[in-house]
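Notes follow once the structure below has been shown.
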Amino acid sequence: MNYENYVLSNFKAISTNESLARMIVSSFVSSTDIGLNDLLDIKTAVSEAVTNAIIHGYDEKNGEVSMLCALNDGILHIEITDYGKGISNIEKARTPLFTSKPELERSGMGFTVMEMLMDSLEVISEEGKGTKIILTKKISSNDED
Amino acid sequence: MNLKTYKKENNLIVVIKGEIDHHTAESVREKIDDDYFKYRCKNIVFDFKKVSLMDSSGIGMVIGRYKKVKFSGGKVIVAEANETVKKIFEMSGLNKIIDFYKDLETAICVLGGTN
Ligand SMILES: Nc1ncnc2c1ncn2[C@@H]1O[C@H](COP(=O)(O)OP(=O)(O)O)[C@@H](O)[C@H]1O
Ligand SMILES: [Mg+2]
């Protein structure tokens, strides 16, 4: 892969690995002089995408999540992929407060949170094949906001 | 994530330390629901002072508690949330149904009148 740096990790789709994924991305960007607020935003967005893979992609059953973290020209690029059920209507899924699992006390705010915290969010999905979430954020040093 | 609850007047105070995600929100929910009935409380006050990260699972967890307590005329209050956590709550419009206070004492005081 043609990135200045990257790390690719594959892990089992279980909820204990949500914090693992946050730690991986956090360690990965620690080579930059990223500010604490930006770091927290990135960890939160990763948490959303990985949680979605586990509870929606695989319905909390057996599966594997793949996460690519890459850096190029000061831009952090994250791809989170599952090979689960896919999303039939992406536009609807991205609507604030829409959730297909209200019984699990989901808020339907995951995509909105990712969108607000990152610079860009792209959703690629095919029913029965899986979903890939692509997140990017410019790494600016030591924010103070 | 570390979780403690205690009763103060008719409020269940819930002190959460660490990260609230889908994994940890489930245990938070179970413990609160048990203790709320066990201690015969009316309101729930969250002490978020030591919450370092919260994703949208936390929104779902707080809304879920709000729906439970409103049947008994209770309230849910969030105290001491940091700016990042508040930002997550604001995105969902949750700040329209749940009150936020800077400190725990004020939150409990405000509830004092709701017996
Ligand atoms: N990886 C995924 N695979 C299948 N469906 C998904 C995936 N991610 C999200 N979705 C769908 O999009 C909806 C909205 O997602 P989100 O905004 O994170 O809210 P929530 O997780 O609270 O339901 C989910 O309820 C689900 O139907
Ligand atoms: Mg979600």
Side-chain angles (χ1 to χ4, degrees), chain A residues 11-23 25-26 35-60 65 94-118 143-145, chain B residues 1-3 14 16-34 36 44 46 48-71 76 78 81-98:
Chain A
F11 48 88
K12 194 174 162 98
I14 49 175
S15 64
T16 45
N17 285 335
E18 291 155 8
S19 62
L20 175 88
R22 293 195 296 270
M23 281 188 268
V25 72
S26 176
L36 276 180
N37 291 323
D38 278 353
L39 179 61
L40 194 49
D41 287 353
I42 292 162
K43 285 167 76 177
T44 308
V46 163
S47 201
E48 297 292 353
V50 171
T51 301
N52 281 355
I54 296 169
I55 63 177
H56 301 301
Y58 295 118
D59 285 322
E60 298 186 81
V65 181
R94 290 180 68 154
T95 310
L97 302 174
F98 171 81
T99 179
S100 53
K101 290 193 190 292
E103 73 283 2
L104 294 184
E105 293 196 346
R106 303 305 307 163
S107 61
M109 290 300 294
F111 279 128
T112 310
V113 167
M114 287 185 256
E115 218 163 278
M116 305 275 277
L117 300 182
M118 302 295 284
D143 54 284
E144 282 297 323
D145 65 299
Chain B
M1 195 265 320
N2 174 291
L3 176 65
V14 181
I16 305 176
K17 286 185 190 161
E19 303 186 323
I20 306 176
D21 62 10
H22 155 246
H23 182 72
T24 58
E26 274 180 16
S27 46
V28 173
R29 175 175 67 195
E30 274 171 33
K31 174 134 177 76
I32 294 176
D33 288 356
D34 282 356
Y36 181 77
I44 296 176
F46 285 98
F48 267 34
K49 189 178 195 160
K50 295 277 168 64
V51 173
S52 50
L53 174 147
M54 183 187 81
D55 70 16
S56 69
S57 308
I59 303 175
M61 186 273 291
V62 173
I63 295 180
R65 307 291 69 66
Y66 166 78
K67 286 182 179 159
K68 288 238 155 116
V69 309
K70 85 169 178 214
F71 285 111
V76 171
V78 175
N82 71 33
E83 285 311 310
T84 311
V85 167
K86 245 198 231 151
K87 190 165 76 179
I88 304 283
F89 278 126
E90 278 161 10
M91 287 179 202
S92 65
L94 200 62
N95 46 324
K96 297 200 183 87
I97 54 171
I98 283 161

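In what follows, chains are A, B, ... by sequence order, proteins preceding strands, each numbered from 1. Computed over heavy atoms, backbone and side chain alike; hydrogens, waters and symmetry mates excluded.
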Are a donor atom and an acceptor atom from the side chains of B:H22 and A:T51 found within less than 3.5 Å of each other?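 Short answer, no.
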So which part of A:E60 gets closer than 4.5 Å to some heavy atom of chain B, the side chain, the backbone, both or neither?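 It is the side chain, since no backbone atom gets that close.
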Rounded to the nearest 0.5 Å, what separates atom [atom1] in [X] from atom [atom2] in [Y]?
X      : Y      : atom1 : atom2 : value
A:M116 : B:M91  : CE    : CE    : 4.5 Å
B:D55  : A:R22  : CG    : CZ    : 6.5 Å
B:E26  : A:L104 : CD    : CG    : 7.5 Å
B:D21  : A:K43  : CG    : NZ    : 11.0 Å

Under the 3.5 angstrom rule, does the side chain of B:E19 hit a backbone N or O of A:S19 as a donor-acceptor pair? no
Please confirm whether the backbone N or O of A:S107 pairs with a side-chain atom of B:S56, one donor and one acceptor, at under 3.5 Å?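 No, because the side chain of B:S56 does not come within donor-acceptor range (under 3.5 Å) of the backbone of A:S107.
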Kindly indicate, with the supporting measurements, whether the criterion side-chain contact (heavy atoms from CB on, under 4.5 Å) is fulfilled by B:K87 and A:D41. CA-CA 10 Å; B:K87 190 165 76 179; A:D41 287 353; 3.3 Å; yes
Proximity breakdown for B:T24 and chain A, heavy-atom pairs closer than 4.5 Å: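 No part of it gets close to chain A.
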Please classify the contact of B:S57 with chain A as side chain, backbone, both or neither, using a heavy-atom distance under 4.5 Å.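 Contact with chain A involves both backbone and side-chain atoms of B:S57.
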Looking at B:M1, I'd like to know if its CE atom is crowded, meaning that more than 12 non-hydrogen atoms belonging to other residues, nucleotides or ligands lie closer than 6.0 Å.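 Yes, CE of B:M1 has more than 12 neighbouring heavy atoms, counting only those of other groups under 6.0 Å.
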A:E105 vs B:K67, test: salt bridge (charged side-chain N to carboxylate O under 4.0 Å, His left out). Steps then yes/no. CA-CA 11 Å; A:E105 293 196 346; B:K67 286 182 179 159; over 6 Å; no
Who among B:I59, B:L53, B:I88 has the most heavy-atom pairs with chain A under 4.5 Å?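 Heavy-atom pair counts peak at B:L53.
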